[in-house]
Amino acid sequence: MRYLDQTRLPDEEVWKETSDYREIARAISRLEVRGAPLIGITAAYGLALAAAAGEDVVRAAEELRATRPTAVNLPWALDRCLRATEGLSEPAEVKKRLVGEAIAIHEEDIAANHRIGEYGAALLDNDTQSILTHCNAGALATGGYGTALGVIRSAHLGACPRTVYVNETRPLLQGARLTAWELSRDHIPCVIIVDSAAGSYMRRGEIDAVITGADRITANGDVANKIGTYPLAVLARENDIPFYVAAPTSTIDLSLASGDEIPIEERSPTEVTSLRIVRIAPWARDVLAENRAFDVTPNKYVTAIITENGVARAPYQETIAALCKQEVPARG
Ligand code: MRU
């Protein structure tokens, strides 16, 4: 399979090719492919590669599952693929079923993004001239089109917003590197700001709405997303600005009651102390760094959650359940 190595963007568009699911697992761990829906889709294709190579698919699923803990789309896609092979013993049948399931997950995600875009754009009026987004929740992070950027794309077709403010998103700069790259290709004007500037822009009335994606949404509407999302939501509330979350229902985990239960990925401190290969912190034994990759925004700060099945608002316990067609897995 071919995938775009996102660590090389925006400088180079490097496409990699592999038939080894272990390479896919490494690509997910290294964030060569990233974004909640995309890692689910990629893992599904990875599982099909394992089957094509005659490898143990259950073991391959566990290796792929272990790559990143926070986005629920990853275990969701793998479990869906494994369920699709239940009762099959013929390897050729297993492979065929896994390829079909991966393609279905991919295509459904693209369709979901377009519907999220329509629902989201309908929420924004023409007074919404500027939108702030965080990280990258675009075509790069999904099967195509994007969730938060899908809303922005659809809204832009209807002539709003005029400007998209893009948080740079330290430490790996998904905003500055990836979101700005995507928007520029669509000729949607954007302004990159440092993450810590968001409050100043909101206070001065320069932001009309905030839209982010999500990595996992729990039954009560708490939202895990890229580190730095929670302070944005608090700042948005303080400044009377709507804070929207755009995500497919594959990002909703009804088996978790609240965001306190979401596993939060800790990544290497070197991602904080270096910008790519350039060290920016002192080399000293008593200078430490930590790299918590996601935070949880409590539901009380979320104005609405935009899914492909419609828009949920508080009380989320009820509205999310109504939008979800997924069954609640038994808790063990
Ligand atoms: O660590 P990343 O780059 O995979 O984090 C991605 C995000 O936090 C996105 O906002 C989220 O996955 C939604 S993508 C549609």
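Atoms considered below: every heavy atom in the structure, side chains included; atoms not considered: hydrogens, waters and symmetry mates. Just follow the structure's listing: the first ligand is 1, and inside any ligand the first atom is 1.
Of the charged side-chain nitrogens involved, none lies within less than 4.0 Å of a carboxylate oxygen, so that Lys96 and Glu93 do not count as a salt-bridged pair. Using a 4.0 Å cut-off between charged side-chain N and carboxylate O, Glu265 and Arg34 make no salt bridge. A salt bridge does not link Asp195 with Arg170: every distance from a Lys NZ or Arg NE/NH1/NH2 to an Asp or Glu carboxylate oxygen is 4.0 Å or more.
Scanning the protein for heavy atoms near atom 13 (C) of ligand 1, the closest one is Ala214 O, 3.4 Å. Given atom 11 (C) of ligand 1, the protein heavy atom at minimum distance is Asp215 OD1, 3.1 Å. At the top of the distance list for atom 4 (O) of ligand 1, counting protein heavy atoms only, stands Arg68 NH1, 2.7 Å. Nearest non-hydrogen protein atom to atom 10 (O) of ligand 1 is Asn225 OD1, 2.7 Å. Atom 15 (C) of ligand 1 has its closest protein heavy atom at Thr147 OG1, 3.2 Å. Protein heavy atom in closest approach to atom 3 (O) of ligand 1: Arg34 NE, 2.5 Å. With hydrogens left out, the protein atom closest to atom 5 (O) of ligand 1 is Lys226 CE, 3.3 Å, a heavy atom. Looking only at heavy atoms of the protein, atom 14 (S) of ligand 1 is closest to Ala141 CB, 3.5 Å.
Residue pairs meeting the salt bridge (Lys or Arg N to Asp or Glu O under 4.0 Å) criterion with at least one partner in residues 297-324, sequence neighbours excluded, are absent.
Considering backbone and side-chain atoms together, Ala36 places an N or O closer than 3.5 Å to an N or O of ligand 1.
Counting the atoms of ligand 1 from 1 in the order shown, those under 4.0 Å from a heavy atom of Phe294 are 1 (O), 5 (O), 8 (O). Close contacts of ligand 1 with Gln174, meaning ligand atoms under 4.0 Å from a residue heavy atom, involve 1 (O), 2 (P), 3 (O).
In this structure, Asp222 and Val296 approach most closely via the heavy-atom pair CB-CG1, 4.0 Å. Nearest approach of Leu254 to Cys324, heavy atoms of both residues: CD1-CB, 3.9 Å.
Look at Pro37 and you'll find a heavy atom under 4.0 Å from some atom of ligand 1.
Only backbone heavy atoms of Asn136 (N, CA, C or O) come within less than 4.0 Å of ligand 1; its side chain stays farther off. For Cys135, every heavy-atom contact with ligand 1 shorter than 4.0 Å involves the side chain, none the backbone.
Ring geometry, His114 versus Tyr145: the interplanar angle falls under 30°, so the pair is classed parallel (tilted spans 30 to 60°).
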